[in-house]
2 protein chains.
Amino acid sequence: MGIHERKEREREQRREVILNAAQKVFFEKGLQSATMDEIAEEAELSKGTLYLYYKGKEDLYLAVMIRGIETLYDLFKEVIGKNDGIIMTIQKLSAVYIRFFREHGNLFRMFHYYQTPQFHKQVSEEILQLCNEANQRIWKMVVDLLRKGVDEGVLRSDLNPEENAVILWSSASAILMRMDTRREEFKQMLNVDLENVLRKSNALLLESMMTESSRKQFQSALFDHQPS
Amino acid sequence: MGIHERKEREREQRREVILNAAQKVFFEKGLQSATMDEIAEEAELSKGTLYLYYKGKEDLYLAVMIRGIETLYDLFKEVIGKNDGIIMTIQKLSAVYIRFFREHGNLFRMFHYYQTPQFHKQVSEEILQLCNEANQRIWKMVVDLLRKGVDEGVLRSDLNPEENAVILWSSASAILMRMDTRREEFKQMLNVDLENVLRKSNALLLESMMTESSRKQFQSALFDHQPS
DNA sequence: CAATTTGATGACTACCGGTCAGTTACTACG
DNA sequence: CGTAGTAACTGACCGGTAGTCATCAAATTG
């Protein structure tokens, strides 16, 4: 009796149709201005049906975001899988994150929006849990890389990988976010190009996390080289 | 004929009454859940009147935020005014920012929310302009401090003060924000205490911005000392 | 083929941001 | 004063939206 399996499959497909529709509308309008009616129309379903698959608008938004985290996860995984050496890999991750921001700005913005406490309150426990798990996977991957850096003697052993991961990631995210909303403002106000600032910030932090010996090895490469 | 002046004064007072009411309600409910009716009731005015003084809910929200920027500005100004030496002052600014986050978390959250592009679109040009000006003042103050650091030979002259300001501030803001929403999550997931991470991140960045000579002078103080 | 379960629907409700015609309070002036 | 004119204020109302639920339709079962 494969009926159950088929129904399960159909249910998954519906969820995906809805998710795609939601993504499209959210990207075009943003969370506030997007309406459930619009999403329903885009999905060629009635509004009521959406609520059979997702708890509400915010849950749907988070569900789209989770797919985004997974996209980024795949990109990161690919880079790390190449085994290019720790320092090079970190620089590539940073470049990939910037590219992700450029090519999937809408998803990146979601990551940022997700940080607001107000948003957290409007979302169901279940989806929040899923989100945490997706987050965890990607963080762990980065932490593991940094730990390997310590083990190999490339990164200072007196700084712990978990903390370094948070530091590197946070500073990159914050500058990218500013770039998204206020690049021009900063150009005019302080005459700085935020993309440049981001590169310098990464270089500064990475350099200060490296051991004396590896610093010598990579010296000039840090500031000048731009991995694709 | 002082009538005009009196009216002007009364208008200012009304604006302030509304602003205080809005602040109270926004702090309790957040932007989304706060309603204009509630704010009107808190201000003991009718809803229509609010719109005689502010263009809309989002403008009102930004107006509250601008006062927050000014509060932070005053705190920063006080610290800088003490002329304690550049490095010490930077550390104190960082401490003040953390204290601001603790004591005025709601205002801090507004700064973060302000970054979302969706929000930018819902706000009037005028208030955005005011916001830029308030922002500008505080940024310039920090940049001037860092520039003085370069002039005095405490900070590296090959890094420019504007960029350094953005780097320091962004990384601090990002970590504080994470702390606000997801401190527990990070404690469990990576076993890191974000407040500690913030201190390390500041120390790391500051150290890497310092000249060789001043680094020697301050060595251990960077990591251990916690200015009040 | 009838009974039952599952899934989908869209009219409906409650609520909210913003408006505006009407009211009130204040000022100017004869 | 009293009245015309102005400025400030009000709250009923409107359009729009998230979320619900009684009803219907299709699929499944026995």
Side-chain angles (χ1 to χ4, degrees), chain A residues 1-19 21-22 25-26 28-64 113 118-119 121-127, chain B residues 1-19 21-22 25-26 28-64 113 118-119 121-127:
Chain A
M1 212 178 276
I3 288 179
H4 190 67
E5 284 77 359
R6 196 202 70 214
K7 288 232 168 163
E8 193 60 43
R9 217 164 46 236
E10 280 176 357
R11 194 174 158 79
E12 270 323 301
Q13 283 167 5
R14 273 261 186 288
R15 277 183 75 90
E16 189 135 326
V17 167
I18 293 174
L19 213 53
V25 177
F26 282 138
E28 279 167 10
K29 308 284 181 85
L31 175 60
Q32 320 295 335
S33 308
T35 72
M36 290 302 269
D37 283 302
E38 239 175 323
I39 295 172
E41 181 161 358
E42 181 68 36
E44 294 176 305
L45 289 166
S46 76
K47 181 159 63 158
T49 306
L50 302 190
Y51 288 89
L52 296 176
Y53 291 87
Y54 293 93
K55 289 242 172 82
K57 193 163 108 157
E58 282 75 18
D59 266 40
L60 205 37
Y61 191 78
L62 252 195
V64 173
Y113 193 71
Q118 307 182 9
F119 182 68
K121 282 179 205 149
Q122 289 173 325
V123 138
S124 76
E125 273 306 319
E126 293 91 316
I127 200 93
Chain B
M1 211 178 278
I3 288 178
H4 190 65
E5 284 77 359
R6 198 202 69 213
K7 289 234 168 166
E8 193 60 42
R9 217 164 46 237
E10 280 176 357
R11 193 175 159 79
E12 270 323 301
Q13 283 167 6
R14 272 263 185 288
R15 276 182 76 91
E16 190 135 325
V17 166
I18 294 174
L19 213 52
V25 177
F26 282 139
E28 279 167 11
K29 308 284 183 85
L31 174 60
Q32 320 296 335
S33 308
T35 71
M36 290 302 269
D37 284 299
E38 242 174 319
I39 294 172
E41 181 161 359
E42 182 68 36
E44 295 176 305
L45 289 166
S46 77
K47 182 158 63 159
T49 306
L50 302 190
Y51 289 90
L52 296 175
Y53 291 87
Y54 293 93
K55 289 243 173 83
K57 192 161 105 154
E58 281 75 17
D59 267 39
L60 204 37
Y61 191 78
L62 252 195
V64 172
Y113 194 71
Q118 307 184 10
F119 182 69
K121 282 178 204 148
Q122 288 172 325
V123 138
S124 76
E125 273 306 319
E126 293 92 317
I127 200 92

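Reminder, nothing fancy here: chain letters follow the sequence lines and each chain counts from 1. Below, each value reflects all heavy atoms present in this structure, side chains not excepted, and no hydrogens, waters or symmetry copies.
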A.B. asks: Rounded to whole Å, please give me the gap between CD in B/Glu58 and P in C/dG17.
C.D. replies: 9 Å
A.B. asks: List the atom pairs, with distances to 0.1 Å, where a side-chain N or O of residues 46-54 of chain A and a protein N or O form a donor-acceptor pair under 3.5 Å, not counting sequence neighbours.
C.D. replies:
from	atom 1	to	atom 2	distance (Å)
A/Ser46	OG	A/Thr49	OG1	3.1
A/Tyr54	OH	A/Arg15	O	3.4

A.B. asks: How far apart are the closest heavy atoms of A/Val25 and A/Glu42, and which atoms are they?
C.D. replies: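 The pair with the smallest heavy-atom distance is CG2-CB, 4.2 Å.
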A.B. asks: What are the two closest heavy atoms between A/Ser33 and A/Glu38, and how far apart are they?
C.D. replies: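 Minimum heavy-atom contact is O-OE1, 4.1 Å.
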A.B. asks: Between A/Gln32 (CD) and D/dG16 (P), how many Å, whole number?
C.D. replies: 18 Å
A.B. asks: Roughly, in whole Å, what's the span from CG in B/Leu60 to P in C/dG18?
C.D. replies: 10 Å
A.B. asks: Once you apply a heavy-atom cut-off of 4.0 Å, does B/Arg11 come out as touching a base, just sugar-phosphate, or nothing?
C.D. replies: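 No contact at all - B/Arg11 keeps every heavy atom at 4.0 Å or more from the nucleic acid.
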A.B. asks: How close or far is atom P of D/dA8 from atom CZ of B/Arg15, stated in whole angstroms?
C.D. replies: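 The answer, rounded to whole Å, is 13 Å.
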A.B. asks: Take atom CD of A/Glu5 and atom P of D/dT28, then tell me their distance rounded to the nearest Å.
C.D. replies: 13 Å
A.B. asks: Is the count of non-hydrogen atoms from other residues, nucleotides or ligands lying under 6.0 Å from B/Glu10 atom CD greater than 12?
C.D. replies: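 Yes.
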A.B. asks: What I'd like to find out is whether the side chain of B/Leu60 reaches to under 4.5 Å of the side chain of B/Leu19, using heavy atoms alone.
C.D. replies: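 With C-beta onward as the side chain, the pair touches.
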A.B. asks: Between atom CD1 in B/Ile18 and atom P in D/dC9, what is the gap in whole Å?
C.D. replies: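 For the pair B/Ile18 CD1 and D/dC9 P, the rounded distance is 8 Å.
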A.B. asks: Taking CD from A/Gln122 and C1' from D/dG19, how many angstroms apart are they, rounded to a whole number?
C.D. replies: 13 Å
A.B. asks: Mind listing the residues from residues 37-55 of chain A sitting with a heavy atom below 4.0 Å of DNA chain D? Number order is fine.
C.D. replies: A/Lys47, A/Tyr51
A.B. asks: In this structure, are over 12 heavy atoms from other groups packed under 6.0 Å from A/Glu28 atom CD?
C.D. replies: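 Yes, enclosed.
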